[in-house]
Asks: 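Structure incoming, see below.
Note that this is a predicted model, so its numbers are computed, not measured.
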Amino acid sequence: QELVDFSLKCYDPESRELIRISFEKCCTEGTLYDHEFRFTPLLGDEIWVRTIGVPIMENGKVIKVRGNIIDITERKKREEALRYSEQEAKSLIAAIPDMIFHLDNNGRFLYYKADADELFVDPESFIGKTVHEVMPEWFAELTVEKIKSTIDTGTLQVYEYSLEIPGKGWQHYECRMVPFNLTDVLATVRNVTVRVTFQKEISEKEAHSRALMEATSDVFILLRKDGIIIDCNEAHAKRLGKTREEIIGKDVFSLLPEDISMERRKNVLRVIKTGKPVFSEDFRGGFWNEFSIYPIFIDGRQTDEVAVYAKDISDRKRTEEALKKSEDRLTKTMIAANNGIWDWNLVTGVVFFDERYYTMAGYQPDEFPYRLEEFQKRVHPDDLEGVINAAMRHLNGYADHFLEEFRFRRKDGNYMWIRAKGRTVERGDNGEPIRFIGTHADIHALKQITLINECRLRLLLFSETHNLHDLLEET
């Protein structure tokens with residue numbers, strides 16, 4: 001008993017009672033025992049032992065107990081490590097949002113982890129069955145093919161597919177299949193519908209953007225801060241005499257003349273620094289460019305990239321230059337002819353008067369507003385109705401042009417004679433006149449000479465039929 005009590009002290013307290021009872025039953029009842037406990041030797045650290053007690057019987061009675069204590073510490077450590085590994089694996093599997101399937105080389109489902117609403121069929125319907133029994137034929141053939149490739153090569157197989165899930169419609173999945181052992185595989189399946197849908201939308205938007213970029217002869221470029229071309233349209237490449245593939249990834253500034261390159265670089269840096277677009281023009285290679293540089297923002301945050309739009313405005317510049325020359329010639333001609341110009345917008349009621357229009361009547365340029373009533377109140381009251389009627393005859397289509405002579409009040413209050421000419425130069429969608437332009441010519445001196453000549457003629461005719469006294473009275 002002393003030996004038993006001494007031995008019990010080497011076991012952990014929680015195990016001692018079980019050991020005592022097992023030993024007593026072995027001694028009295030002849031019951032074999034086999035237990036594993038923690039054990040602390042008198043000298044040394046705690047270990048794990050397997051304690052075995054075998055009764056030796058004689059004439060139906062236990063005469064002694066033969067026991068054995070085996071050190072199983074290493075085995076316990078391995079088991080503990082295995083349990084930890086298994087628990088860790090279970091935790092990892094539980095934490096993975098993907099579906100997991102264990103299949104054999106025939107495509108038979110052995111295990112799964114997935115939410116029921118993600119499955120093509122009910123869980124009870126496929127465990128223990130093959131993919132051919134529960135899935136569409138095309139899917140079954142694809143799965144078996146991938147299982148074979150995984151086992152034969154011993155490598156990861158990644159592929160995607162789509163399935164119509166009850167209640168959810170078409171869903172897109174990515175499957176990653178790895179060998180589990182010589183005959184089985186593990187497959188993790190992730191629902192990538194959001195990603196696929198997003199990628200499709202991005203692809204469609206990119207296709208639309210590309211179509212817009214290529215639908216014009218104008219230049220579109222996406223640039224990094226350092227001038228590297230991220231993307232461009234064919235018009236840009238064509239202007240440089242290259243293909244898109246040849247210039248994407250190149251430094252755009254190195255493709256430009258030095259003076260233009262320096263200025264464009266400054267503009268790009270200014271846009272990135274201020275976050276505001278820059279608009280400008282330059283001349284190179286025999287043509288004019290009108291360009292805009294815009295900052296690029298993603299989710300409200302500015303990037304180190306810019307978008308450049310450039311338009312060849314050479315034709316416009318040539319037209320503007322020709323127009324400028326034409327206007328200059330017209331201005332000089334009008335000055336030489338002593339004429340003023342008026343331009344009446346019949347939609348807004350605004351009548352533009354040029355500088356000569358004002359000065360020929362003694363006014364300062366822009367001294368009175370560009371309004372029709374400003375003109376009307378300066379026409380002699382006896383002439384106003386005739387002027388309006390002549391203008392309306394032309395505007396209503398009864399006269400090819402407008403031509404009228406009338407008296408116009410100067411700034412000093414006196415009236416001068418004006419010859420007004422005009423014509424409709426622009427009409428609306430329904431043919432109605434919307435722009436009416438013309439000139440004012442100062443004919444006051446000519447009118448005076450005409451009046452004098454008329455008086456002379458009257459006096460000459462009068463003198464032929466009257467005496468000198470009557471002639472003097474008539475004069």
Asks: Looking only at side chains, do S162 and H172 share a donor and an acceptor under 3.5 Å apart?
Replies: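 Yes, H172 and S162 have a side-chain donor paired with an acceptor closer than 3.5 Å.
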
Asks: Hey, does W342 have a side-chain heavy atom less than 4.5 Å from the side chain of F352?
Replies: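 No. Closest side-chain heavy atoms not under 4.5 Å.
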
Asks: Please check if any side-chain donor atom of N267 sits under 3.5 Å from a side-chain acceptor atom of R264, or the reverse.
Replies: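 The answer is no; no qualifying pair exists.
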
Asks: Could you report the tightest heavy-atom contact between E214 and N233, atom names first, then the distance?
Replies: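 That closest heavy-atom pairing would be OE2-CA, 3.3 Å.
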
Asks: Tell me the closest heavy-atom pair linking V65 and C27, and the distance in Å.
Replies: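 Reported closest heavy-atom pair: CG2-SG, 3.6 Å.
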
Asks: Under 6.0 Å from the CZ atom of R83, do we count more than 12 heavy atoms belonging to anything else shown?
Replies: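 Yes.
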
Asks: Parallel, tilted or perpendicular for Y161 and Y159, by the 30°/60° rule?
Replies: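 Because their plane-to-plane angle lies in the 30° to 60° range, the rings of Y161 and Y159 count as tilted.
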
Asks: Going by atom types only, do Q171 and T193 share a side-chain donor-acceptor pair under 3.5 Å?
Replies: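 Per modelled atom types, Q171 and T193 side chains form a pair under 3.5 Å.
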
Asks: Inspect the surroundings of NZ in K250 and state if more than 12 heavy atoms from other residues, nucleotides or ligands are less than 6.0 Å away.
Replies: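 Enclosed: over 12 neighbouring heavy atoms sit under 6.0 Å from NZ of K250.
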
Asks: Please report the C-alpha distance between F353 and V351 in whole Å, then the side-chain angles of each, then the deciding distance to 0.1 Å, and finally whether the side-chain contact (heavy atoms from CB on, under 4.5 Å) criterion is met.
Replies: CA-CA 6 Å; F353 309 114; V351 185; 3.4 Å; yes

Asks: Could you walk me through whether T243 and I247 pass the side-chain contact (heavy atoms from CB on, under 4.5 Å) test, one step at a time?
Replies: CA-CA 7 Å; T243 64; I247 62 176; over 6 Å; no

Asks: Please tell me whether H102 and Y112 form a close aromatic pair, meaning their ring centres lie under 6.0 Å apart.
Replies: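 No, the ring of H102 stays outside the 6.0 Å limit from the ring of Y112, centre to centre.
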
Asks: Any side-chain to backbone donor/acceptor pair from R16 onto K9? Under 3.5 Å, distance only.
Replies: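 A pair under 3.5 Å: yes.
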
Asks: Can you tell me if CG on L182 sees more than 12 non-hydrogen neighbours from other groups inside 6.0 Å?
Replies: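 Result for CG/L182: open.
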
Asks: Hey, is CZ on F279 packed in by over 12 heavy atoms from elsewhere, all under 6.0 Å?
Replies: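 Atom CZ in F279 is packed in, count exceeds 12.
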
Asks: Within the side chain of D312, is there an N or O that forms a donor-acceptor pair under 3.5 Å with the backbone of S314?
Replies: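 Side chain of D312 to backbone of S314: a pair is present.
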
Asks: Establish, yes or no, whether a centroid distance under 6.0 Å links the rings of F436 and H394.
Replies: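 Under 6.0 Å, so yes.
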
Asks: Take atom CD in E29; do more than 12 heavy atoms of anything else shown fall under 6.0 Å from it?
Replies: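 It does: E29 CD has more than 12 such atoms within range.
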
Asks: With side chains defined as the heavy atoms from C-beta onward, is the minimum distance between E432 and R427 less than 4.5 Å?
Replies: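 No; the side chains remain at least 4.5 Å from each other.
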
Asks: Using atom types as modelled and distance alone, determine if a side-chain donor or acceptor of D104 lies under 3.5 Å from a backbone N or O of R108.
Replies: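 Pair found, side chain donor or acceptor close to backbone of R108.
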
Asks: Give the ring-plane orientation class for H35 versus Y33, where under 30° counts as parallel, over 60° as perpendicular and anything between as tilted.
Replies: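 Parallel, since the angle between the ring planes stays under 30°.
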
Asks: With a 4.5 Å limit on heavy-atom distance, are the side chains of R265 and M262 in contact?
Replies: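 SC-SC contact between R265 and M262 ruled out.
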
Asks: So which heavy atom on K311 is nearest to which on D218, and how close?
Replies: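 That closest heavy-atom pairing would be CG-OD1, 3.5 Å.
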
Asks: Counting only heavy atoms not in E204 (residues, nucleotides, ligands), do more than 12 fall under 6.0 Å from its CD?
Replies: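 Correct, the count exceeds 12.
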
Asks: With side chains defined as the heavy atoms from C-beta onward, is the minimum distance between L395 and L346 less than 4.5 Å?
Replies: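 Result yes, sub-4.5 Å side-chain heavy-atom pair found.
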
Asks: Looking only at non-hydrogen atoms, find the nearest pair between N345 and T348 and report the distance.
Replies: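 That would be OD1-N, 3.1 Å.
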
Asks: Answer whether the closest heavy-atom distance between the side chains of R371 and V350 falls below 4.5 Å.
Replies: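 The answer is yes, as the side chains (C-beta and beyond) meet within the 4.5 Å cut-off.
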
Asks: Taking the side chain as every heavy atom from C-beta outward, state whether M57 and I63 have any atom pair closer than 4.5 Å.
Replies: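 Counting from C-beta outward, M57 and I63 never come under 4.5 Å.
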
Asks: What pairs meet the salt bridge (charged side-chain N to carboxylate O under 4.0 Å, His left out) rule with one or both residues in residues 232-246, with sequence neighbours excluded?
Replies: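 Every pair satisfying salt bridge (charged side-chain N to carboxylate O under 4.0 Å, His left out) with a residue in residues 232-246: D231-R244.
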
Asks: Centres of the W288 and F283 rings: under 6.0 Å?
Replies: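 Judged by ring-centre distance (under 6.0 Å), W288 and F283 do meet the cut-off.
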
Asks: For a 4.5 angstrom cut-off between non-hydrogen side-chain atoms, does F375 reach F368?
Replies: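 Of all side-chain heavy-atom pairs linking F368 with F375, none is under 4.5 Å.
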
Asks: Flag the pair F101 / F180 as yes when their ring centroid distance falls below 6.0 Å, and as no otherwise.
Replies: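 Distance test on ring centres: not under 6.0 Å, no.
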
Asks: In plain terms, say whether R195 and E174 are close enough for a salt bridge, that is, a side-chain N and a carboxylate O under 4.0 Å apart.
Replies: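 Here R195 pairs with E174 in a salt bridge, since their nearest N and O are under 4.0 Å apart.
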
Asks: Are V49 and Y11 packed together at the side-chain level, in the sense that at least one heavy-atom pair is separated by less than 4.5 angstrom?
Replies: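 Yes, their side chains come closer than 4.5 Å.
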
Asks: For a quick check under 3.5 Å, do S15 and D12 share a side-chain donor-acceptor pair by atom type?
Replies: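 D12 and S15 do have a side-chain donor-acceptor pair below 3.5 Å.
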
Asks: Counting neighbours of CG on N181 that are heavy atoms of other residues, nucleotides or ligands and sit closer than 6.0 Å, is the number greater than 12?
Replies: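 For N181, atom CG is crowded (more than 12 foreign heavy atoms under 6.0 Å).
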
Asks: Apply side-chain contact (heavy atoms from CB on, under 4.5 Å) to E36 and T51, showing your working.
Replies: CA-CA 6 Å; E36 295 177 358; T51 301; over 6 Å; no

Asks: Going by atom types alone, do D366 and Y370 pair a side-chain donor with an acceptor below 3.5 Å?
Replies: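 Yes, because at least one side-chain N or O of D366 sits under 3.5 Å from a partner of the opposite role on Y370.
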
Asks: R224 and D304: salt bridge (Lys or Arg N to Asp or Glu O under 4.0 Å), yes or no, with the steps?
Replies: CA-CA 6 Å; R224 285 194 339 220; D304 282 344; over 6 Å; no

Asks: Please lay out, stage by stage, how I296 and L222 fare under the test side-chain contact (heavy atoms from CB on, under 4.5 Å).
Replies: CA-CA 9 Å; I296 295 178; L222 294 179; 4.0 Å; yes

